[in-house]
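Everything on this sheet refers to the single structure shown next.
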Amino acid sequence: MADSVELSPVDLKILRLLQNDARVTNKDLAAAIGIAPSTCLDRVARLRETGVITGQHASVDAAKLGRPLEAFLFVQVRPHRRPLVDPFVEHLLSLPEVRAVYHLTGPDDFLAHVATSSAGELQRLVLDELTARDEVARVHTNLVFQHWSGGPLLPPG
């Protein structure tokens, strides 16, 4: 959602707690914040309806799923036009190795976070799924040595 939403201190507490543990029960969430469970349920529903909360996700260890090699692929497409952008993004998102895709400004047009089983699989992904496409002008690959996540995302101030 492009427009910001007015959030109360209670809403911010809800967001902080849910981002740390999306599986917390409504009863426990309400107790941690100090509000009635019905009020908490209404506030979470409002945060969903306004698009502040966009989903709930399980964080998965790629290595434990047999994909220990993670990389960022910086991709330049030419020409960089809408008729090519949407199908290219759909193609990326259809690949099981792709964890996230970002549309960028600057010399590269896309950033794809991928997880593969080996260097050979990463090479296959780049050569067979990316550079084999006519619109892909260049792919620059950076390996991920280690990953840390930031804390809950809250509004500035």
Side-chain angles (χ1 to χ4, degrees), residues 1-5 7 11-26 28-29 32 43-157:
M1 182 170 202
D3 299 323
S4 65
V5 175
L7 300 172
D11 294 330
L12 295 176
K13 288 179 185 176
I14 289 171
L15 289 174
R16 184 177 290 111
L17 292 170
L18 284 177
Q19 286 181 80
N20 286 328
D21 181 7
R23 291 178 43 174
V24 66
T25 65
N26 183 64
D28 290 342
L29 183 61
R43 289 197 176 246
V44 171
R46 182 182 152 274
L47 291 168
R48 285 191 177 112
E49 289 166 8
T50 58
V52 174
I53 295 176
T54 60
Q56 293 175 235
H57 311 278
S59 183
V60 176
D61 184 331
K64 291 188 176 164
L65 293 178
R67 296 179 183 276
L69 185 65
E70 293 189 64
F72 287 105
L73 307 179
F74 294 86
V75 183
Q76 188 179 74
V77 297
R78 292 294 175 258
H80 188 185
R81 294 197 183 119
R82 172 88 47 207
L84 291 177
V85 168
D86 293 339
F88 181 69
V89 170
E90 287 177 24
H91 174 69
L92 286 176
L93 293 175
S94 75
L95 301 172
E97 300 87 357
V98 174
R99 302 195 70 189
V101 176
Y102 304 89
H103 195 186
L104 308 174
T105 64
D108 298 304
D109 301 310
F110 295 95
L111 170 63
H113 177 199
V114 301
T116 65
S117 60
S118 65
E121 270 302 299
L122 178 59
Q123 180 183 28
R124 184 207 57 77
L125 178 69
V126 170
L127 293 177
D128 296 346
E129 299 294 346
L130 296 175
T131 60
R133 294 180 64 94
D134 291 338
E135 71 271 29
V136 174
R138 183 175 64 85
V139 176
H140 176 88
T141 305
N142 285 44
L143 296 180
V144 174
F145 288 139
Q146 200 165 357
H147 168 254
W148 295 269
S149 293
L153 182 64
L154 299 173

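Note that the numbering runs from 1 along the sequence shown for the chain.
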* Worked verdict on V52 versus D11 for side chain to side chain contact (heavy atoms under 4.5 Å, CB included) -> CA-CA 10 Å; V52 174; D11 294 330; over 6 Å; no

* Asked: For V101 and V98, which heavy atoms make the closest approach, and how far apart are they?
  -> CG2-CG1, 3.6 Å

* Which pairs pass side chain to side chain donor-acceptor pair (under 3.5 Å) with one or both residues in residues 15-25, sequence neighbours excluded? -> T25-D28

* What is the minimum heavy-atom distance between T116 and L125, and which atoms define it? -> CG2-CD2, 4.3 Å

* **Nearest-0.5 Å distance that lies between atom CZ in R46 and atom CD1 in I14** => 9.5 Å

* Asked: Mind checking what makes ring pair (Phe, Tyr, Trp, His ring centres under 6.0 Å) contact with F110, not counting sequence neighbours?
  -> F88, H103

* Among pairs that include at least one residue of residues 119-130, which meet side chain to side chain donor-acceptor pair (under 3.5 Å), considering only residues two or more places apart or in two chains? -> H91-E129, E97-R124, E121-R124

Donor-acceptor pairs under 3.5 Å, side chain of residues 141-149 to any protein atom, not counting sequence neighbours: which ones?
residue	atom	partner	partner atom	Å
N142	OD1	H140	NE2	2.8

* Hey, is the main chain of V126 close enough, under 3.5 Å, to the side chain of T131 for a donor-acceptor pair? -> yes

* Asked: So, do V75 and D109 sit near enough that their side-chain heavy atoms are less than 4.5 Å apart?
  -> no

* Which heavy atom in L122 sits nearest to a heavy atom in L73, and how many Å separate them? -> CD1-CD2, 4.2 Å

* Nearest heavy-atom pair of L154 and L12: which atoms, and what distance? -> CD2-O, 3.9 Å

* Structure fact -> Taken in chain and number order and not counting sequence neighbours, the residues that satisfy ring pair (Phe, Tyr, Trp, His ring centres under 6.0 Å) with F72 are H113

* Which pair of heavy atoms, one from P87 and one from R82, lies closest together, and at what distance? -> CD-O, 4.2 Å

* Do L15 and P152 come close enough that some side-chain heavy atom pair is under 4.5 Å? -> no

* To do: To the nearest 0.5 angstrom, please state how far the CG atom of L92 sits from the CG atom of L130.
  => 6.0 Å

* **Closest contact, heavy atoms only, P107 versus R78** => O-NH2, 4.3 Å

* To do: Please answer whether the main-chain N or O of A22 pairs with a side-chain N or O of Q56 as donor and acceptor at a distance below 3.5 Å.
  => yes

* Among all residues two or more places apart in sequence or in another chain, which pass the side-chain hydrogen bond (donor to acceptor under 3.5 Å, both in side chains) test with D108? -> R138

* For the atom pair CG (L47) and CD1 (I53), what is the distance rounded to the nearest 0.5 Å? -> 4.5 Å

